[in-house]
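Letters go in sequence order (proteins before strands), and every chain restarts at 1.
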Amino acid sequence: MALPGTEPLVRCESLSIGYADADGGLVPVVSDVSFTIAPGEAVGIVGESGSGKSTLARALLGYRRAGSAFLGGRLFYRDTDMAAATVTPAVVALRGTAVAMVPQNPLASLTFHMPVGRQVVEVLRTRAGLGRAAAGDRMLELLRRTGLPEPTELARRYPHQLSGGQRQRVVIAAALACNPDLLVLDEPTTALDKTTEAQVLELVADLRRDSGAALVLVTHDLNVVARVCERVLVMKDGRIVEDGPVGRVFSRPRTAYARQLLGAALLIDPQRAPQARPRTAELLSLRDVAFSHARAGWFGRAPAVRRTLDQISVDVGRGEVLGVIGESGSGKTTLGLLLAGMLTPQAGAICFEGHPLAPHVADRTRDQRRRIQMVFQDPLSSLNPRQTVGSALIRPLRHFFGLDCTAAHERTAALLARLGMGPEYLDRFPRQLSGGQQQRVAIARAFAAEPDLLICDEITSALDASVQAQVLDHLLELQRGSAAAMLVITHDLSVIWKVAPRVIVLKDGHIVEQGATEAVFGHPKDRYTADLLESATLAARLVATA
Amino acid sequence: MLSAVLRRVFLSLLTLFFLAAFIFAATEILPGDALDVTLSADEMAMMPPERLAEMKRDLGLDRPAVERLGAFLLGVAQLDFGRTIISRAPVVDIVAYPLRNSLLLAGAVIVTALPLALILGVSAARWYRRPLDNVVSTGVIVGYSVPEFVIGTFLVMLFAVTWPLFPATITASTRDPALTLLAAAPLPVATILIGSIAYLARILRVGMVDALASDFVERLRLMGVPEWRVLLLHALPAAVVPSLMATALYAAALVSGIVVVELVFAYPGLGQELVRAVTRREVHVIQAIALASAAIVVVFNLLADLAILALDPRTRM
């Protein structure tokens, strides 16, 4: 925390930044923002996509993307004006040396045709002014300090030969090269899985303790803020709506928007556990299902990689909601695709209502195809952009039930109404809808077929927290009304907590834990599940304890 | 790395083999054999049937197609394309020098065009949508769309007629040393050069604009790494990778496809030889030129592949 009387490191006074729109005008994405950052302080900036948080983060380095400009206000790093009309040499001199940034996408932030060690050396030589030998030694030291194994060997590798977490560590090592006083991290862990995220955040916290640098962490994930930051700025529509210590903002949010963000955070409260309905007849059962992408090529044998899915045995009752948790690469999407008949398992059996289900969708009967429906993560790419909402919804009705146009039209309007959308949306095209509306249309399309099993693959991942809740509410309502069973696949534990009474946890293609959600979340037996829960509930625990 | 190189070389050889077989088959499918095609209708009518049959036997045309295909492929493998039907001159001798001359012309163009196109493309992308970019982009479209015979005629009028600096047609002959030929050919080189610079600059500009918009360039700029390093050491190699294949195909097309320019300036290249062979119906020469053109495409493709392997580590799997 800033001691009274100390000079702030960053001073931002009613700063506004605009982006050029199609007409050549400037639309403000950051408006009238004021705050200060003290030396050594750790500040989180949270907000939904489009709230201007990344634009503000880049502005801290005096950087703006092509097409954007400072509209007004002042931004100082110590005595240097970072928001001058043109980028001054004084600003460029600070970049990488006094203020360093770790940009959003660690997977693409390294030059793909250059060994990673050389990219760190480059910063050391051009920015820290070290000689060749000194830079080489310091590079290895930095890689070691960021926890990378065997730095000498790793430095010679190219970015694509490193894992996402390792690439992020290299980017952080380059950012730390000149011992900056301010380190700006933009969504440093969004592209990483939960286990790696925890390691990277730990590293960031350690490095900060060692170097005493101030930290600005931009994220949409409150748990990340809770783990690393002391102060938090909440942004909405380009404005700072809340600014205060993390504990205070999380426990007593002053604005409705901050309350809404916090509401989406996972809180394990037994009284609010999803309630299981009494066990009903079996709808779907999987026995020892296995799948592997590895195939023998024309010239080579199949590579001996681990199976994407192995020994999967699950039962789903009629009308039951089953949650599937796992991080990227755990095989959870593959499981959905197997059930939908898009992939063929190499072993095991899938039974639907006691009858074996053909592995490939083309071999299933029309009725089986109707009864198993799927909703995907990205609604925009799963809806035909040239088809109106109406025609997208009418198609399954006419295809499966042979309804005539007027009857189908009425059913469609009724379905949309149940999702909280008026009939005027029937004539719109997907691009004219918001992300939440698009996803609701995709859900309506799946329910139009009156399925017995609905596979939902990360259907809320592309949506902002406030919209997520709305879409989930509508989904649950429709599901209860239709008594369809659902398989809810997600990496987001709060979604599972909200909708699924029973859950399976996937890791590396195996089921590591399964049971009632309340039991699994309350007392995880597996170490991996415990880790997932630990990182997902930080913000909520802070709310509860403060 | 080595296996990736060997695989590409092997595939190139395989492609060449199929191309040779295809060229043989294409001439085989046409009505009549090599002799029928070579002789005009009058000559055919004049010739007694026994004489015709005898000639066919001498030329080996009475053998089954498969046998002749085998002989053809065996000959190709030893760079022996047989002899012409009438004059019995070795085809290799007829084609070799025009091929060299065409390669010379294309080489001279590429060597001059590449650096200029690089400078234009990179600076246009660096000042994307600024005045410089607008000038370059407009110039590129003009240079690319004006046909070569127009540019050629224009250059001849300007530099051979109004100011007689260079010869209007090539004064050197087919078998002159390379330098003599090049010294006599500034106008054809300049003619092709304009379109080539335009084409190459256009590809490079697009690649460079993409590379400069990438995340790694933003990271480098945020780190304050000097702009020339960002441009030349990071963005340029990334921009060249997607342009290489198009450049290789363009260079290959230059060798075999500048018939118009060769005719305008009477340049003794492959295109002119092809026109001559077609009018004289020398089937074996046409086969050899077709195969040489195809081989050049394959070889340039292979070179581009190898260059991409060198530049993009992600392809070395």
Side-chain angles (χ1 to χ4, degrees), chain A residues 20 54 57-58 60-67 87 89 91-116 118-120 122-128 156-161 167 170-171 174-178 180 184 186 191 299-300, chain B residues 1-4 6-11 14 124-130 132-133 207-244 306-317:
Chain A
S54 289
R58 284 189 291 267
L60 292 173
L61 286 90
Y63 185 90
R64 58 223 113 141
R65 284 197 170 161
V87 180
V91 170
V92 177
L94 288 176
R95 284 187 196 157
T97 52
V99 194
M101 178 152 175
V102 175
Q104 200 160 40
N105 185 357
L107 305 183
S109 289
L110 291 167
T111 308
F112 65 85
H113 54 74
M114 210 182 261
V116 293
R118 239 170 65 200
Q119 304 193 40
V120 180
E122 177 176 42
V123 176
L124 288 163
R125 298 203 60 192
T126 60
R127 305 305 288 155
R156 277 196 290 269
R157 288 206 231 152
Y158 289 97
H160 73 279
Q161 295 168 317
R167 272 182 262 184
V170 172
V171 173
L176 291 173
C178 309
V184 183
D186 188 5
F299 298 111
Chain B
M1 178 72 183
L2 186 68
S3 77
L6 287 178
R7 191 168 62 231
R8 280 166 176 80
V9 171
F10 170 73
L11 284 176
L14 198 69
R126 171 68 184 80
W127 288 281
Y128 181 57
R129 291 194 177 161
R130 305 274 188 81
L132 178 73
D133 182 27
M208 201 64 187
V209 166
D210 278 352
L212 285 176
S214 64
D215 286 350
F216 61 84
V217 165
E218 181 163 81
R219 183 187 74 86
L220 291 162
R221 287 183 172 160
L222 283 165
M223 288 305 289
V225 170
E227 186 68 15
W228 70 267
R229 290 189 75 103
V230 176
L231 274 182
L232 300 182
L233 301 184
H234 291 268
L236 187 58
V240 164
V241 168
S243 344
L244 268 172
L306 296 181
I308 290 172
L309 273 180
L311 280 173
D312 188 348
R314 293 172 301 184
T315 55
R316 294 175 211 156
M317 298 300 243

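The side chain to side chain donor-acceptor pair (under 3.5 Å) search around B:Arg126 returns B:Glu227, not counting sequence neighbours. Residues passing the side chain to side chain donor-acceptor pair (under 3.5 Å) test with A:Arg118: none are found, sequence neighbours excluded.
Note: B:Glu218 CD to A:Asn105 CG = 10.5 Å, rounded to the nearest 0.5 Å. To the nearest 0.5 Å, atom CE of residue B:Met223 and atom CZ of residue A:Arg127 are 8.0 Å apart.
For B:Arg129, no part lies near chain A; criterion is any non-hydrogen pair under 4.5 Å. At a 4.5 Å heavy-atom cutoff, the contact between B:Pro226 and chain A is made by side-chain atoms alone. For a residue to count as touching a neighbouring chain, one of its non-hydrogen atoms must lie under 4.5 Å from one of that chain's; by this rule A:Ala93 does not touch chain B. Interface remark: B:Leu222 contributes backbone and side-chain atoms alike to the contact with chain A (heavy atom separation under 4.5 Å). Proximity to chain B (any heavy atom under 4.5 Å) is restricted, for A:Thr126, to the side chain, taken from C-beta onward.
With chain B as the partner, the residue from A:Arg95, A:Gln104, A:Met101, A:Gln119 showing the most heavy-atom pairs under 4.5 Å is A:Arg95. For the set A:Glu122, A:Arg65, A:Met114, the count of heavy-atom pairs under 4.5 angstrom toward chain B peaks at A:Glu122. Interface summary for chain B: among A:Leu110, A:Thr97, A:Val171, the most heavy-atom pairs under 4.5 angstrom belong to A:Leu110.
Under a 3.5 Å cut-off, the side chain of A:His113 and the backbone N or O of B:His234 do form a donor-acceptor pair.
The closest side-chain heavy-atom distance from B:Arg316 to A:Tyr158 is below 4.5 Å.
Between A:Phe112 and B:Pro313 the shortest heavy-atom distance is O-CG, 3.1 Å.
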